[in-house]
Each structure stands twice: as C-alpha cells, then as structure tokens.
Amino acid sequence: MTELPRLPAQGGCRDTPILKQRGQREVFCGLTGIIWLHRKMQDAFFLVVGSRTCAHLLQSAAGVMIFAEPRFGTAILEETDLAGLADAQDELDKVVSELLARRPDIKQLFLVGSCPSEVIKLDLAKAAERMTQAHAPRVRVLNFSGSGIETTFTQGEDACLASMVPVLPRDDQRQLLLVGALPDVVEEQAIGLLEAMGIGPIKVLPAPRATDDLGVGSGTVYALTQPFLGDTHDALTRRGARHLPAPFPFGDEGTTQWLAAIATEFGVAPELFENVTAAPRARARKAIAQAAEGLRGKSVFFFPDSQLEIPLARFLTRECGMDAIEVSAPFIHKGIVGPDLDMLAEGPVISEGQDVDLQLDRARTARPDLTVCGLGLANPLEAEGLATKWAIELVFTPVHFYEQAGDLAGLFSRPIRRHDLLKLEAA
Ligand code: SF4
C-alpha cells in the first residue's frame, strides 16, 4: 500500500433530495438507552423521573437484568405531582438524598426526563444543579431527557453523552477521543487496532468511571462510533475538539475508511496501516461473503428508527449486494453521515422523519425482500407476508468493526432465510 485509503469523493446520495414527512411515528423513546449505558458507566445511576409506564418500559427492556444490583430506577410521578398539587422538586430531593445515602458506590447520578416530567415542565436542569451543590464532590448530578416526545430511542445515549461534555475538565493535550458506547469487546478491538498503528493517547466517552482521567480541549480530535450522536458532536465542537468525519465502522469498507481517517490525522505510514489491517480485513471479507450469500440481489426498505439506517444501507448495498428501495432515518445530519451518503449509490428514496401510514403504503407497494423497522411495525408487516428485521437489535448486538462484520451481514440474512423456509413449508 503506497497511500492510506482516502475518504470517498462527494457524490452518491449526498445531494439526493430528501423526502421529509411529519406525522404519526412508531418509535421507542430514549429511555431505552439506559439499558446499554448503565453497563458502560460502572459508577453511574440513572434515575428516571417519570410514570409507571416508564418504569414498566425499563423493566421489560432490561429483562433479566432487574435481578442484578440495579443501576437505574424510576422516581414515580404520582397523579398529585402531575396535577401540580405537590412540590415535585422537594419530593425529588428526598428520593435522591435517600438513594445516595443508601448507595455510596454512586459517583454520577443522571436525572432522566420523561414525557410526564416534560409535560408538567419539571425543571431537571435546576434540580441537577441544586443536587450537585448538595452532594459534591462525592457525586456529580447531571440531567438529560429520554422523553418519547419528538425523539427516537438512540437519542437517549446522545442526550446523556452531550450532558457530560460541558462538565469534562479542560485538557488541551493531543489525544484521540472515541465517542459512543460500544460493547467492551468491540471497543477493545478498535483500541487494539489503533494502538498497533502507534496512535495515542486514546480516550473513550463515556468513560467507565467518573474519576477516569478524561478531559477535552483544543488538542482533542474525535471519531464517532455511532451515527446518532449529533448533540454530542455539537457539544464537543463547542469545547474546541475537532471531528474526524468518516464512514461508520460497519463492514470491511466502513471499518477501513473509519480507521484510515484517524490514521491520516495521526500520520500513520501506509505500510503500517496495511500490516495492522490486512489480516482482520481478510477475515471480515470472508465472513461477509459467507453470511451475505442469501442477500445478493434482494431488496431492503428501511423505516426510520435507530439512526443507523444510512451507514447500514451503505454496507448492505456495497458489500452484501442488496438493492435499497428506501433509506429512512429519524434525522439526517450530513456532517455525520455525509461520507456514508457519498458511498451510497444513487437510486433509493432518502427520507427523513415519518408519516407512518404513507410510508407503510410505499413499503406495501414495493414489497421489499427485507424491511428494517421498529417492533411495532414488524408484526403487522410479517402478517402481510413481508420479512422484517427489528432495528433495535442492531443496537443491542455487537456489529462494529472487522470481527463483527460477518455477524452484521448474518443479522439481515437470517430473517430472509427464515421467511423463505416458512414459504416452502406452506407450499
Ligand atoms: Fe412512555 Fe414517554 Fe415514559 Fe418513554 S418516556 S416510557 S414514551 S411515557
């Protein structure tokens, strides 16, 4: 290799007119993010200020984990709070004081807003400020919203990480910051590849503990590992950090381009890049080729849900031979997904937001081989004979970087195979 892989030239679907629709939406709310965030931040507690519905959502999404020592809970707003008859702020102070007295292991407390707390306009920013004064330096109290009003489920992580950025200490040293909550094993693979190229120091947001040495400043360059971190991206930029735009590390191409953008910034020699990436890249290509056999020539339709849709459409069309009919995302931030749009060949409808009935009509007319959508739409579409993939699984499953590339393709090929088998049995 004589030069590092370069970012794709602008083109593809970057300038495709975006179909924007607003209407009824079918998405989970941002509270869902607590399920994976609480595993990453080992001294954090997420206190949802919400209703019994919010508590039920968390418990059913968390499944068996509620039997473990919990690091999340719900401060239930009772009807008297909702009617404004009681001072919810006083109640909250009491709940938090009791919690922190009972749990000395908590070093970061997140007050998480919900639809009910937003409806009664409970000022959680003010509450977090007051509680930080009361409990500092032992505990840092922050707030973010996980409400389902006008948001989608991955925005919970974005709002959480964005809430942490303003309170990070200033650190102007040259460093690479990886931004996004990845499963530990995947994060270790990414850091291992970068360190093998001599890149460092490398920090991660979210850090496992509040006391971890993580600061941000003019020497920080950051790479996003998830495409849904728009507010975090803006907050880091405001702190003087610089974003390294790149396709997201899904599949062989995405991972190579993502690594190359960082390697270029740190002046890594092309031969070293090749030495570090050649073997895992070959494994990824082989695994994708096997897992993607059932995907070639099949069509895919993305409903807007996880915000991973554009990078995944790029992976499925370029590396797995699928045809994208519609690629829809809740929000399209070209500063973040622009390089993926550049690589996505023109053809599919690119849409932002949702009027679910109109979009369902388009999917029914197109009858794609695979529809990627939220849980609420999957069952009715399956009943109409369409194969579906739940978007939420893509966030709960390790899918980033070379070693997971085959599994990522497999996540899409399995529902098609199952659908074909069911058709055969029925024939
Ligand atoms: Fe439902 Fe809103 Fe609570 Fe989410 S935050 S569980 S959408 S009430």
Side-chain angles (χ1 to χ4, degrees), residues 22-39 41 44-66 70-84 86 88-89 91-92 95-96 99 109-128 141-163 181 228-231 303-307 329-331 353-356 373-380 390-396:
R22 291 281 178 271
Q24 199 193 331
R25 299 149 62 244
E26 292 279 346
V27 291
F28 271 125
C29 67
L31 298 187
T32 325
I34 294 171
I35 306 307
W36 63 86
L37 284 170
H38 89 277
R39 291 188 212 154
M41 291 188 255
F45 192 96
F46 296 84
L47 184 66
V48 176
V49 185
S51 63
R52 289 184 202 284
T53 309
C54 308
H56 285 143
L57 173 100
L58 265 187
Q59 287 188 357
S60 49
V64 74
M65 285 187 306
I66 58 170
R71 268 188 284 111
F72 51 84
T74 312
I76 307 277
L77 289 166
E78 301 290 356
E79 275 177 26
T80 47
D81 301 314
L82 295 175
Q89 294 277 11
E91 283 288 312
L92 196 54
V95 169
V96 166
L99 172 70
L109 175 68
F110 291 95
L111 303 177
V112 188
S114 65
C115 307
S117 72
E118 281 192 7
V119 167
I120 64 165
K121 304 214 179 315
L122 190 57
D123 190 344
L124 292 182
K126 198 169 100 189
V141 185
L142 296 171
N143 74 289
F144 70 90
S145 172
S147 144
I149 303 173
E150 288 297 314
T151 58
T152 193
F153 74 95
T154 46
Q155 278 177 277
E157 174 175 336
D158 188 25
C160 175
L161 301 193
S163 78
F228 44 74
L229 298 173
D231 287 352
F303 279 76
D305 200 35
S306 65
Q307 299 219 107
F331 305 100
Q354 182 177 55
D355 182 325
V356 72
C373 58
L375 284 169
L377 294 180
N379 281 349
W390 296 348
I392 200 162
E393 266 184 79
L394 300 160
V395 178
F396 280 110

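For ligands, and for the atoms within them, numbers begin at 1 and follow the listed sequence. Residue indices begin at 1 and follow the sequence shown. Side chains are part of it too, since the values below use all heavy atoms of this structure and drop only hydrogens, waters and symmetry mates.
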Trainee: Any donor-acceptor pair under 3.5 Å linking the side chain of Thr154 with the backbone of Ser306?
Mentor: yes
Trainee: Looking at Cys115, which atoms of ligand 1 are within less than 4.0 Å of one of its heavy atoms?
Mentor: 2 (Fe), 5 (S), 7 (S), 8 (S)
Trainee: With respect to Asn143, which candidate in Leu109, Leu124, Val112 satisfies the side chain to side chain contact (heavy atoms under 4.5 Å, CB included) definition?
Mentor: Leu124
Trainee: Taking 4.0 angstrom as the limit and counting only heavy atoms of Ser114, give me the atoms of ligand 1 inside it, by number and element.
Mentor: 5 (S)
Trainee: When you measure from atom 4 (Fe) of ligand 1 to every protein heavy atom, which one gives the shortest distance, and what is it?
Mentor: Cys29 SG, 2.3 Å
Trainee: Taking the six-membered ring for Trp, are Trp36 and Phe153 parallel (under 30°), tilted (30 to 60°) or perpendicular (over 60°)?
Mentor: perpendicular
Trainee: Could you walk me through whether Leu92 and Leu47 pass the side chain to side chain contact (heavy atoms under 4.5 Å, CB included) test, one step at a time?
Mentor: CA-CA 10 Å; Leu92 196 54; Leu47 184 66; 4.3 Å; yes
Trainee: Which residue and atom name correspond to the protein heavy atom nearest atom 6 (S) of ligand 1, and how close is it?
Mentor: Cys54 CA, 3.6 Å
Trainee: Is a side-chain N or O of Gln307 found less than 3.5 angstrom from the main chain of Phe331, in a donor-acceptor match?
Mentor: yes
Trainee: Could you tell me the residue and atom name of the protein heavy atom closest to atom 1 (Fe) of ligand 1, and the distance to it rounded to 0.1 Å?
Mentor: Thr53 CG2, 4.0 Å
